[in-house]
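Below is one structure; the comments refer to it alone.
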Amino acid sequence: MSSGNRTLSRRRFLRTSAAIAAGSGLPAWFVEVSRGYAATTKPASPNDKPSIALIGCGGQGRYDATLAAKFANIVAVCDVDAKRAEAASKQFNGAKVYNDFRKLLERADLHAVINGTPDHWHTFINIAAMKAGKDVYSEKPLTLTIDEGKRLIAVMRETKRVLQTGSQQRSDARFRLACELVRNHRMGKLKHVTTLLPAGPRKGPFNPAPVPPELDWDFWQGQTPFVPYVRERCHGSFRYWWEYSGGTMTDWGAHHNDIALWGLGLERSGPVTIEGKPLVEMIPGGFTASAEYRVEYTYANGVTHTCRSTTADNPGGGAIGQGEHHGVKFEGIDGWIFVTRGKIETSNPELLTEPLSAGAIRFYVSDDHMGNFFDCIRSRKQPVCDVEIGHRSVSVCHLGVISIRIGRKLHWDPDGEQFVGDAEANKWLARPQRKPWTYDLA
Ligand SMILES: NC(=O)c1ccc[n+]([C@@H]2O[C@H](COP(=O)([O-])OP(=O)(O)OC[C@H]3O[C@@H](n4cnc5c(N)ncnc54)[C@H](O)[C@@H]3O)[C@@H](O)[C@H]2O)c1
């Protein structure tokens, strides 16, 4: 090749690699290369649609079931709030209504369930479903405690069921691109990761109210301590109470800390130190989960990680996300990559436009999180956000919550999944369960 030709082909190469694939906002080279790795997601033919059920008919459960309806028939819906179950039944062509998931799980014709219940119910229902022979699409955050995740993994292995965690950023090409670049040292050795999460509400006090006639409040509370009904503890805002969730630390952390571990290459491991603190005092009688917080992590490979919320003073979150209120920033010695929903930015445009080499580390490709679940139901392969990944991602969040609540630095053994020589902290790995909702009955 003459030097002129070489210049030409180098120019053509740069033009191609710098091109953006139509409609995706992603570099063309990445879309092209990923195609070779992607599994095909097949919408099922009408005769080939498995029968599935939705448990937990709130906004997210119904959204998930709408996505699943491309691949499956929704034949049953279940909620402890009768109005919500009825509304879901209407939405899904008269699917049979249940108020007790245990009855629903007795049905032999059901292949899988979608679990859209609040966080304190995920594990019990997921275990019961897998033991009943069903595959599970479970909403994130996968668990309420680290102990729950370990139990879930054991049951998945024993029953050989497919469990997809609903952290759908795993099936978003932008996040995959960012993490592949990080793993291939595109910005040099990785030094620091920042996950910025939206602040939670700091509200209250709230008053008890009569239980709405359509709601079984005792059932809704499940394993958690019984308290009189308070509207703000229930639908939607349950996530702002330690009793049922972990605030935005687990709600958004299950998404962005999942991405942090993916980029770090530690998705089946975790940090070695954790130091969290609340940045505001919560209002007595109001939401209990820290609304604003900051947690510093270190990993065995020397990378540091800050997970922090935006604050009332700085709702845009400051320098991390160029004005974003949530996202993940990876900083290496030669530059940075910031990724959030719908946007990827870099310190230098070439970090994105230069293709990865043929021998680069490539990830599992899924461009449709729900479709990937149904592919795996057929192939019996592990989904893109399998139970262990779901458990480890939320473990990072739980560890942050424990440090915030205990109020000191903690040392963690990610292999043994125990705090090192710290009996007080180890007590936080599980929670007391209110009968009859103990795991031996799941
Ligand atoms: N993947 C995402 O981006 C995403 C987005 C929003 C919510 N979520 C997750 O989805 C879950 C649900 O969130 P939501 O906003 O829809 O909450 P929600 O409170 O509106 O809905 C939960 C529903 O579950 C029902 N429920 C409670 N206990 C039950 C039980 N034992 N059996 C049957 N039904 C029961 C409730 O009555 C309620 O209707 C949460 O874990 C949340 O973190 C995920």
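Between the side chain of S393 and the main chain of I389, a donor-acceptor pair closer than 3.5 Å is present.
Ion pairing of K409 with D422 is absent here, as no side-chain N (NZ or NE/NH1/NH2) approaches a carboxylate O to less than 4.0 Å.
Ring orientation note: the planes of F101 and F124 are nearly perpendicular, at an angle over 60° on the 30°/60° scale.
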Q) Does the pair T224 and Y244 meet the rule for a side-chain contact (heavy atoms from CB on, under 4.5 Å), with working shown? A) CA-CA 7 Å; T224 67; Y244 319 117; 3.4 Å; yes
*Under the ring pair (Phe, Tyr, Trp, His ring centres under 6.0 Å) criterion, do W241 and F287 qualify, and how do the steps go?*
CA-CA 5 Å; W241 302 81; F287 293 131; 5.5 Å; yes
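The number of heavy atoms from other shown groups lying within 6.0 Å of NZ (K90) does not exceed 12.
Between W262 and F363, the ring centre distance stays below 6.0 Å. If you look at H305 and H192, their ring centroids are not closer than 6.0 Å. Aromatic ring centres of W220 and H120 lie closer together than 6.0 Å. In this structure, the ring of Y297 has its center no less than 6.0 angstrom from the ring center of W412.
Counting heavy atoms from C-beta on, the side chains of V162 and K381 never come closer than 4.5 Å. The closest side-chain heavy-atom distance from E275 to V295 is not below 4.5 Å. With contacts defined as side-chain heavy-atom distances shorter than 4.5 Å, the pair Y137/I52 does not qualify. Looking at heavy atoms from C-beta onward, R176 lies out of side-chain contact with Q169 at the 4.5 angstrom threshold.
If you check the side chains of N126 and S138, you find a donor sitting under 3.5 Å from an acceptor.
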